[in-house]
Asker: 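Could you have a look at this structure, given as structure tokens, before my questions?
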Amino acid sequence: MTMPTVEELYKYADNLINAGDDISKNEADYIAITKASKGNLQEKKLAAQFIIRFFKHFPSLVETAIDSQLDLCEDDDADIRRQAIRSLPQMCKDNITVLPRIADVLAQLLQSEDPSELQVVNTALGSLFRLDCKGTLSGIFDQIANGDDLVKERSLQFIQEKLQNISMGKDVQTFLATRIKDTVKFVGGGEFLGLIKMLSSIPAMQSISGRTEIIGIIEQQAGLDEEFNAKDSESVNRVIVCGKELLRFMSKNAPASKFFNHLCRNVIPHLSDIEPTPDETDCRLEITRLVADMSQHTGASIDPSLIGSFFETLLTAMPLPPDDPEAIASSLEDPRLEFSLVETLLYTFHRLVSVSPDYLVDSPERLSDFRIRLHYFGRGAQVYVRQLRTALENKDALEMKSPDNKLKAVALKVTTNINAMIRDFFHNPPVFKTTVSPSWRHTVKVSSPGSKRTSVDEPSTTVAKKPTTSVYAPPTGRFSGRLGTITYP
């Protein structure tokens, strides 16, 4: 194929200009111009200008013109690439039907590692967004569904930034919601969370029915129909990520019952098989805290089999006391109890049986055995409470800010919560009126200097940004795990 020279390109352009109203008859000149996209440096620069300039006059050559311009967008020369990219919005102005395709191409170009070129791509996409919001979204969402990871990430970032600065009409809201719902099945990880965040920002999705629909999408992503593999870190992580996302949308009118039931039936019974992450995060505690937080939104009735499977796991964390009285006394001096884990499990069970109290009342043997375990565990908690209060006594506000004392305060919160809930089970019949403030949800307030006791055992209203993740080692054991599990060697 013979490439036109610079002189020939100017000649073809002059022919088109001089043709006036009959310009569409000069297809041969325009075709020759498009071929210059394969030429040398100067020919390519002229082609990038002339292809765009005369594009609107040759609707039958749309595909040829677009393909040639896109070749220039991928040229080895950065100046030519930027010039060609910068011209793409004009193509869309001249022929709006090509806009979704151009948006798709520009989204692909977001993978550029050249900062100046990336800026040109973002500017071009912004121009398309102003021309036709829905058409631009359509092209970009094609790449979110099918593009490389970097393209997906930057495409999402672009849309999120643009949506913050526009007022969406109902038609755009409906279109955006539909595209997000169609796309979530093709993404995972960060892209999925980004799409859910975007979907939840749409006013129409902020109603109870909208939140319920979002919950359904997350539950589908969680793979509830698949068998949970406690040894598979990806399976465990998916439960945690989806659970945390669900909590943002749950309420008593939108309870995420499928996911909650899945956790209680299929995940909680396998807690002992779940291993810490490489950074020593206790995934068991992450999951049981999720279940505890979700239990607030359970409905008025609970399936007894759901309670039963959960109860069996709770029992494994609350051992029976030794038969020998001397062994009991010795074990209480050095208890091997996981207080943080039991706080989360007991909190959930307290909620479940408050809705279905017959589970314990209808089985005297079960209740009697459970009370024996509760009594033994409560005595161990009381021993630890005394140690912690002694350690925190007379600490001023500055001293309470040390990591060691902060962890002791959290440990005190954990054990006082456990004791408060235990007392409810010793009423005849059990009553469930006690309300505790979970240790993982709130920071712990400390008293003013000189006071004899801290107020860490009182419910706090200050929301913590993150759970405590440091490690504390009390004299009789250790406050283990980044998430605050209390265990004893």
Side-chain angles (χ1 to χ4, degrees), residues 224 228 230 243 250-273 284-285 287-323 328 335 337-382 414-438:
L224 303 186
F228 175 73
M250 289 178 67
S251 67
K252 289 192 175 180
N253 294 319
S257 298
K258 288 183 179 179
F259 191 85
F260 180 76
N261 292 349
H262 172 72
L263 288 181
C264 292
R265 281 201 178 96
N266 305 318
V267 179
I268 292 297
H270 300 287
L271 274 185
S272 60
D273 295 327
R284 300 176 309 153
L285 204 54
I287 291 172
T288 55
R289 283 174 173 172
L290 280 175
V291 178
D293 287 334
M294 289 181 172
S295 69
Q296 299 177 94
H297 309 301
T298 53
S301 61
I302 300 293
D303 183 350
S305 67
L306 191 74
I307 302 176
S309 60
F310 192 91
F311 182 62
E312 291 303 315
T313 302
L314 173 59
L315 292 185
T316 63
M318 302 190 71
L320 287 166
D323 294 331
I328 293 178
L337 304 172
E338 292 189 277
F339 291 110
S340 289
L341 185 64
V342 168
E343 182 199 15
T344 60
L345 292 171
L346 192 60
Y347 183 92
T348 302
F349 185 68
H350 188 276
R351 165 61 189 166
L352 295 178
V353 292
S354 71
V355 177
S356 299
D358 290 347
Y359 179 78
L360 288 176
V361 174
D362 290 350
S363 178
E365 282 189 12
R366 178 186 295 145
L367 179 57
S368 176
D369 175 82
F370 188 43
R371 282 175 171 169
I372 293 171
R373 297 170 186 266
L374 288 169
H375 184 261
Y376 176 62
F377 200 96
R379 290 178 65 186
Q382 289 169 1
V414 169
T415 46
T416 52
N417 280 347
I418 290 172
N419 281 333
M421 290 185 284
I422 283 176
R423 283 193 288 269
D424 279 359
F425 291 95
F426 282 91
H427 290 276
N428 282 312
V431 296
F432 305 100
K433 296 180 180 180
T434 297
T435 301
V436 299
S437 175

Asker: For D369, is there an ion pair with R373 - N to carboxylate O distance below 4.0 angstrom?
Answerer: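 Salt bridge present between R373 and D369.
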Asker: If you round to the nearest 0.5 Å, how far is OG1 of T288 from CD of E338?
Answerer: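 The distance works out to 9.5 Å.
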Asker: Would T344 and V291 count as a side-chain contact (heavy atoms from CB on, under 4.5 Å) if you check the C-alpha gap in whole Å, the side-chain angles of each, and the deciding distance to 0.1 Å?
Answerer: CA-CA 8 Å; T344 60; V291 178; over 6 Å; no
Asker: Would you say that V436 contacts T434 through its side chain, given a criterion of any heavy-atom pair below 4.5 Å between the two side chains?
Answerer: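 The answer is yes, as the side chains (C-beta and beyond) meet within the 4.5 Å cut-off.
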Asker: May I ask you to test the Q296-M250 pair for a side-chain heavy-atom distance under 4.5 Å?
Answerer: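 No, every pair of side-chain atoms sits at 4.5 Å or beyond.
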Asker: Say whether, by atom type as modelled, one donor and one acceptor occur between the side chain of R284 and the main chain of L271 under 3.5 angstrom.
Answerer: no
Asker: If you take all heavy atoms of P429 and V361, which pair is closest and at what distance?
Answerer: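 Result for this residue pair: CB-CG2, 4.1 Å.
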Asker: Determine, step by step, whether V353 and I307 satisfy the side-chain contact (heavy atoms from CB on, under 4.5 Å) criterion, reporting the C-alpha distance in whole Å, the side-chain angles of both residues, the deciding distance to 0.1 Å, and the verdict.
Answerer: CA-CA 8 Å; V353 292; I307 302 176; 4.2 Å; yes
Asker: Grab the two heavy atoms, one from N419 and one from A381, that are nearest each other, plus how far apart they are.
Answerer: OD1-CB, 3.6 Å
Asker: For F432, check ring-ring contact (aromatic ring centres under 6.0 Å, His included) against everything at least two apart and list the hits.
Answerer: H350, F425
Asker: Answer whether the closest heavy-atom distance between the side chains of R371 and P430 falls below 4.5 Å.
Answerer: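 Yes - at least one pair of side-chain heavy atoms lies under 4.5 Å apart.
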Asker: Is the side chain of S368 donor-acceptor paired with the backbone N or O of P364 at a distance under 3.5 Å, no angle test?
Answerer: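 Looks like no, no N/O pair under 3.5 Å.
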Asker: Would R366 and Y359 count as a cation-pi pair here, with the cationic atom under 6.0 angstrom from the ring centre and within 45° of the axis?
Answerer: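 Yes, a cation-pi geometry holds between R366 and Y359.
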Asker: So, S356 side chain and D358 main chain: donor-acceptor pair closer than 3.5 Å or not?
Answerer: no
Asker: Residues two or more places apart in sequence or in another chain: which of them pass ring-ring contact (aromatic ring centres under 6.0 Å, His included) with Y347?
Answerer: W440
Asker: How far apart are the closest heavy atoms of N417 and P438, and which atoms are they?
Answerer: ND2-CA, 3.8 Å
Asker: Let me confirm one number: the CZ-CG distance from F311 to L352, rounded to the nearest 0.5 Å.
Answerer: 11.5 Å
Asker: Before we go on, tell me: are the rings of F349 and F370 under 6.0 Å apart, centre to centre?
Answerer: yes
Asker: Tell me, do S340 and V414 make a side-chain contact under 4.5 Å, heavy atoms counted?
Answerer: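 The answer is yes; the side chains approach within 4.5 Å.
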Asker: Please give me the minimum heavy-atom distance between S309 and R265, naming the atom from each residue.
Answerer: OG-CA, 4.0 Å
Asker: Roughly how far apart are M421 CE and R351 CZ, rounded to 0.5 Å?
Answerer: 14.0 Å
Asker: Do T313 and C264 come within less than 4.5 Å of each other through their side chains, counting heavy atoms only?
Answerer: no
Asker: Atom OG in S257, atom CE in M294: separation rounded to 0.5 Å?
Answerer: 10.5 Å
Asker: Run through L263, V355, T348, L290 and flag the one making a side-chain contact (heavy atoms from CB on, under 4.5 Å) with S295.
Answerer: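 With S295 as partner, L263, V355, T348, L290 yield a single side-chain contact (heavy atoms from CB on, under 4.5 Å), made by T348.
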Asker: Flag the pair L346 / I422 as yes when at least one side-chain heavy-atom distance between them is below 4.5 Å, and no otherwise.
Answerer: yes
Asker: Just so I know, are the side chains of P322 and Y376 near enough to count as touching, which here means a heavy-atom distance under 4.5 Å?
Answerer: yes
Asker: So which heavy atom on L345 is nearest to which on A317, and how close?
Answerer: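 For L345 versus A317, the nearest heavy atoms are CD1-CB, 4.2 Å.
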Asker: Looking at every heavy atom in both K433 and D424, which two are closest together, and how far apart are they?
Answerer: N-OD2, 3.4 Å
Asker: Say you draw a straight line from OG of S363 to CG of L367; how long is it, rounded to the nearest 0.5 Å?
Answerer: 8.0 Å
Asker: I'd like to know whether L224 forms a side-chain contact (heavy atoms from CB on, under 4.5 Å) with N261, so could you lay out the CA-CA distance, the side-chain angles of the two residues, the decisive distance to 0.1 Å, and finally the verdict.
Answerer: CA-CA 10 Å; L224 303 186; N261 292 349; over 6 Å; no
Asker: Rounded to the nearest 0.5 Å, what's the gap from CZ on F377 to CD1 on I418? Could you check?
Answerer: 4.5 Å
